[in-house]
Asker: 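Encoded as structure tokens, here's the structure I'll be asking about.
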There are 4 protein chains.
Amino acid sequence: MINIQIVTGDSRPIFKQIVDGLRMEIAQGNLPTGTKLPSVRGLAMQLTINANTVAKAYAELTSQGLLEARQGLGLFVSEPRQLLSEEEQEKRLTGAVDAFANEIAYLEFSDQEILERVEAALTKLGKGAPENGTKRG
Amino acid sequence: MINIQIVTGDSRPIFKQIVDGLRMEIAQGNLPTGTKLPSVRGLAMQLTINANTVAKAYAELTSQGLLEARQGLGLFVSEPRQLLSEEEQEKRLTGAVDAFANEIAYLEFSDQEILERVEAALTKLGKGAPENGTKRG
Amino acid sequence: MINIQIVTGDSRPIFKQIVDGLRMEIAQGNLPTGTKLPSVRGLAMQLTINANTVAKAYAELTSQGLLEARQGLGLFVSEPRQLLSEEEQEKRLTGAVDAFANEIAYLEFSDQEILERVEAALTKLGKGAPENGTKRG
Amino acid sequence: MINIQIVTGDSRPIFKQIVDGLRMEIAQGNLPTGTKLPSVRGLAMQLTINANTVAKAYAELTSQGLLEARQGLGLFVSEPRQLLSEEEQEKRLTGAVDAFANEIAYLEFSDQEILERVEAALTKLGKGAPENGTKRG
DNA sequence: GTGGTCTAGACCACT
DNA sequence: GTGGTCTAGACCACA
């Protein structure tokens, strides 16, 4: 059973919430390579949303290389691989950092406080563990 | 003369870039309390964008209390005051950190690399001065 | 006016025909960087198909980095850039070559004939011109 | 024993992989005219796939004239004969070349690199023997 | 007017 | 039953 929460008050569209939620689950190792995902219609029923919305989220993750479809069988978590060129990764990191900085610029938190929060969030993703050097679980 | 950069490649809509840009200018003291802002049409011409877009940004900032209208005279930078409760600020920081972490979870950067980038971005914003504005420690 | 033909007898889905058609037009330099594309609804009317189908094709090209949306203004041909890692490019080339070879394996053409056809098709795309080294027009 | 590889990561559906694989084996002479094919269930077990999928592949090849059923005895490789007109072959080659060129147009490989890959793939298929089967010079 | 999102419902190919 | 495609029609944010 996939554990995803759809929040109607969220600024993100529904399909994005699913994409983010599943990406997080995969990053944290809760959905290891080869795991079968719930069917489009099944997850749609579970979340009480339209099947097309789930299909859109799955399609997004498939194009990102995190999932792969086996015809008539369903969708599965695929072998992790890096789709993006270094240049593109650099660009996305810079964009994300800038957006984040802008988002919190007007809040009254110290740099140290913010950095600690970010570090905690990154650690939760299981990234950067020096003892094995892998990015996922 | 207001110094704001509009970037078409940015993921933020233009009005949001103006809001963020002006908020930054005010936070950094480049636009002290009482400064008159350029007219909607004037700023629109300067940035070569639609006047409605500037108006929307001004409306947003006014409703947030950073600007105030003086009938027939234009918009002015208002007296600084804290509009967001601690609870609200906490919520926004948590949301921003989570969104940021998710955004970069799949990129091949180490925690250290990411933290350095974030720190650099925060420093660039002129935040973190220990003499004021911190909520903890 | 974009010149795309939708063939109902084609094995490719409609949105894929649009993606391929536009990618070809861009690759051949008929749609230089910065060109505004016809609106989703406009192209849908022109091709007498559903607007969602056009939107899906545009979304695909946007995620591939060939187009970029400017909110409220429309879609534009973006600066060419390489989104994919070398590893991923290698994988896709190998896949395409294998699929192509399988597709024509049972036809009675000589290797030389086939290679000439492929070379002609590549030349038509304006690739590999040694005098400037760029991939696009 | 039929020697076919089913690749789950392949873009082609499984039944197509079987069709292509068997056509290849027949073209290369590994399955001469009159050879009895394994039963639907036997091949399905060997490849660990659904029997319906094998049946569909066999039906496809039978309708194409490469296999023929002998009542109660099973399926056999049939007498080779040319089923496709020159016009049809020409059409398929052109289609395949166009699709291939489009597929790789956006990758950063030189024409020469691509042609070498194609040539290698064709050579591997054992095609291009000059003593027969060429349509032109 | 522009693209983006979502719903509802249908049909198809594949297993 | 599975995902993929397409249609029709609605609503929203942005310029």
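In what follows, every chain begins at residue 1, and chains take the letters A, B, ... in the order their sequences are listed. Treat the numbers as computed from the prediction; the structure is a model and nothing was measured. Just so it is clear, the values below take in all heavy atoms, side chains as well, and ignore hydrogens, waters and symmetry mates.
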Asker: Base, sugar-phosphate alone, or nothing: which one does C:Phe15 contact when heavy atoms must sit under 4.0 Å apart?
Answerer: sugar-phosphate

Asker: Pick base, sugar-phosphate or nothing for C:Asn50, based on heavy-atom distances below 4.0 Å to the nucleic acid.
Answerer: base

Asker: What distance do A:Leu61 atom CG and A:Phe15 atom CZ have between them, rounded to the nearest 0.5 Å?
Answerer: 10.0 Å

Asker: Whole angstroms only, please: what is the CG-C1' distance between A:Leu37 and F:dG1?
Answerer: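 Taking CG of A:Leu37 and C1' of F:dG1, I get 16 Å after rounding.
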
Asker: Nearest to the side chain of A:Ala69 - E:dT15, F:dG4, F:dA15?
Answerer: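 The closest nucleotide is F:dG4.
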
Asker: Could you pick out which residue, D:Asn52 or A:Arg12, lies toward the 5' side of DNA chain E when each is mapped onto its nearest nucleotide?
Answerer: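 Whichever sits nearer the 5' end wins; that is A:Arg12.
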
Asker: Using Watson-Crick or G-U wobble geometry with both distances below 3.5 Å, tell me the partner of F:dT5, or none.
Answerer: E:dA10

Asker: Rounded at 0.5 Å granularity, tell me how far CD1 in A:Ile18 sits from CD in A:Glu60.
Answerer: 11.5 Å

Asker: Look at the side chain of C:Glu87 and the backbone N and O of A:Gln82, then say whether any donor-acceptor pair between them is shorter than 3.5 Å.
Answerer: no

Asker: Is any side-chain N or O of A:Lys56 closer than 4.0 Å to OP1 or OP2 of E:dT5?
Answerer: yes

Asker: Just checking C:Arg41: base, sugar-phosphate only, or nothing, at a heavy-atom cut-off of under 4.0 Å?
Answerer: base

Asker: Ignoring backbone atoms, test whether C:Thr53 places a side-chain nitrogen or oxygen under 4.0 Å from the OP1 or OP2 oxygen of F:dT5.
Answerer: no

Asker: With DNA chain E as reference, determine whether A:Gln71 or C:Leu75 sits nearer its 5' end, using the nearest nucleotide of each.
Answerer: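 Whichever sits nearer the 5' end wins; that is C:Leu75.
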
Asker: Quick one: does A:Asn52's side chain get under 4.5 Å of A:Lys56's, heavy atoms only?
Answerer: no

Asker: Base, sugar-phosphate, or nothing for B:Ile49, non-hydrogen atoms under 4.0 angstrom?
Answerer: nothing

